[in-house]
Amino acid sequence: MNENLEVIILAAGLGTRMKSSKIKILHRAAGRPIIDYVLDLASELSAQPPVMVIGHQREQVQQAVDSRARFAIQEEQLGTGHAVLQAAPHVDAAKRVLILSGDVPLTRRETLQRLLDEHAQSGNALTLLTMKPPDPGMYGRIVRDDSGSVQRIVEANDASEDEKRIDEVNAGIYVFDGAHLFDNLRNLSTNNAQGEYYLTDLLHTLRERGHRVGAVIADDPIEALGVNSRADLAQVDSEIQRRVVEKLMREGVTFRNPSTVVIDSTVTIGADTVIYPFVTIEGTTRIGRDCVIEPGVHLMNVQIADNVHVKTGTVAEDAIIEEEASVGPYAHLRPGSKLGRKVKVGNFVETKKAVFGEGAKASHLSYIGDAEVGAGVNIGAGTITCNYDGVRKNKTILEDGVFIGSDTQLVAPVRVGRGAYVGAGSTITKDVPPGALALSRTPQKTIEGWAERKKKG
Ligand code: UD1
Ligand code: CA
């Protein structure tokens, strides 16, 4: 954490190649807007909040970023040099200035630290991050002189054929001595192919004035990958997820086939939990220790305690599952579902706003909505809470130890008292007192020899 460092994040551009109505830095990768990853880096490196240069969709950006940054407005996007100049009034020019791009989220903190260390040791006025990607594409080319020192940056649009072949390019990340940054920025011109004020032109200016300029080459070019298109976004998304899974494995989580899972960077998973293939875990989901998450499970904002077994094909959202519960296969826990300790919710059971007490069971083919299910309750196959009367949602209360026979409809509002039984095939419209048996089906009629008589005619 550096007291003597200012961070500027350039984020005024819309990102037209995304073909989106939304500014690119608010597109999400692994569950968070990509700007969040850049803000994380800034807050890990500098003691004060970064200055974000914003323009397009500034209200949305300010709302999403909130107090994590200070803001400088760039009304018109006249180039990266012009953008940095807009931040000048907010920055203490006596400090070092690290410039990041809002659309470059994969840079590692260690790499930036290496850049800062090199800057401090070398006495450079500017130290920039470069990389050698497989295809230098539209990146600015790094022109070095015969002695190997960095001389200037030539943008792809302004480069000669020879210069286009240079394999080292500008990652768009820079450390400046503030004193040398802002004064020189005011002298930039727009005499180039794009008619923009290029921040990169400063390199040449500084050298001409006798200052030292240096570069650090990133080990892995993916660290400088900018999100300019949907293809870039997909690459960033999968790289962040790869890092998330790698980190979880270091923390003791087993993945049966790590390349098939989709896990947001916001998710936590405890040690000795086993994650099967084709699992998607999103949002604020937290999973405890020693759990098993079987194939095809989708979890969104679910809190799962230790020793929970979530079986194949289960979908859960905004739900809570306590210790030793078992869910699925093919269960659907909708928002407000809370399963207590050792609860079993089995195949093809749907729950919504339903709280299950310890050890309660609904093992097969049921809909339990707007319900309180007491401890030890046993809900038979095919039980339906009829919670909606066409106007209102009504509540079903099953007190502790209740037994509900299969194929029962519980017409809410209704309460079944402690320890009561409901016979199979019943439609329960009235409260059942504790300890009673309620039965509503018509008595069975049996006609002996009926089939034989029918055949005869
Ligand atoms: C820039 C560099 C190029 C480098 C590349 C790395 C310049 C002139 N070129 O090119 O050498 O290889 O980054 O990714 O700097 N922005 C503003 N206001 C503006 C213009 C840009 O805030 O007026 C922001 C953008 O939103 C973006 C960042 O600055 O976050 C970079 O701008 P972009 O247009 O993507 O620069 P490149 O053309 O990629
Ligand atoms: Ca550009």
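Counting starts at 1 for both ligands and their atoms, following the listed order. Excluded from the calculations below are hydrogen atoms, water molecules and symmetry mates; all remaining heavy atoms, backbone and side chain alike, are included. Keep in mind it's a predicted model, so treat the numbers as computed, not measured.
Nearest to atom 4 (C) of ligand 1 by heavy atom, out of Asn157, Asn170, Ile35, is Asn170. Nearest to atom 36 (O) of ligand 1 by heavy-atom distance, out of Thr80, Ile8, Leu100, is Thr80.
For His298 and Glu282, the side-chain atoms include at least one donor-acceptor pair closer than 3.5 Å. Remark: the Glu223 side chain and the Thr111 side chain contain an N/O donor-acceptor pair separated by less than 3.5 Å. A donor atom on one side chain and an acceptor atom on the other are found under 3.5 Å apart for Ser147 and Asp145.
Between Glu155 and ligand 1, at least one N/O pair is under 3.5 Å apart. Geometrically, ligand 1 and Gly140 share a nitrogen or oxygen pair separated by less than 3.5 Å. Polar contact with ligand 1: present for Gly79 (N/O pair, distance under 3.5 Å). For Gly172, no nitrogen or oxygen atom sits less than 3.5 Å from a nitrogen or oxygen atom of ligand 1, counting backbone and side chain alike. Taking only nitrogen or oxygen atoms, main chain and side chain alike, Ala83 does not reach within less than 3.5 Å of ligand 1. When only interatomic distances are considered, the shortest N/O to N/O separation between Gly13 and ligand 1 falls below 3.5 Å.
Salt bridge annotation for Glu239-Arg242: present, with a cationic side-chain nitrogen under 4.0 angstrom from a carboxylate oxygen. Between Asp264 and Arg28 there is no salt bridge, since no side-chain N of the basic residue sits under 4.0 Å from a carboxylate O of the acidic one.
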Step-by-step side-chain hydrogen bond (donor to acceptor under 3.5 Å, both in side chains) determination, Arg209 to Asn184: CA-CA 10 Å; Arg209 301 195 169 178; Asn184 290 309; 2.6 Å; yes

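To the nearest 0.5 Å, the span separating CD1 on Ile263 from OG1 on Thr268 amounts to 11.0 Å.
Put simply, part of Gln74 is less than 4.0 Å from ligand 1, judged by heavy atoms. Remark: distances from the non-hydrogen atoms of Val169 to ligand 1 are all 4.0 Å or more.
Atom numbering of ligand 1 starts at 1 in the shown order; those under 4.0 Å from a heavy atom of Leu78 are 23 (O). The contact set between ligand 1 and Thr200, taken as ligand atoms under 4.0 Å from a residue heavy atom, comprises 7 (C), 8 (C), 9 (N), 11 (O), 15 (O). In the vicinity of Ala11, heavy-atom distances shorter than 4.0 Å reach the ligand 1 atoms 22 (O), 26 (O).
Heavy-atom neighbours of His211 NE2 from other residues, nucleotides or ligands within 6.0 Å: above the threshold of 12.
The side-chain hydrogen bond (donor to acceptor under 3.5 Å, both in side chains) test with His56 is passed by exactly one of Gln77, Gln74, Lys22: Gln77.
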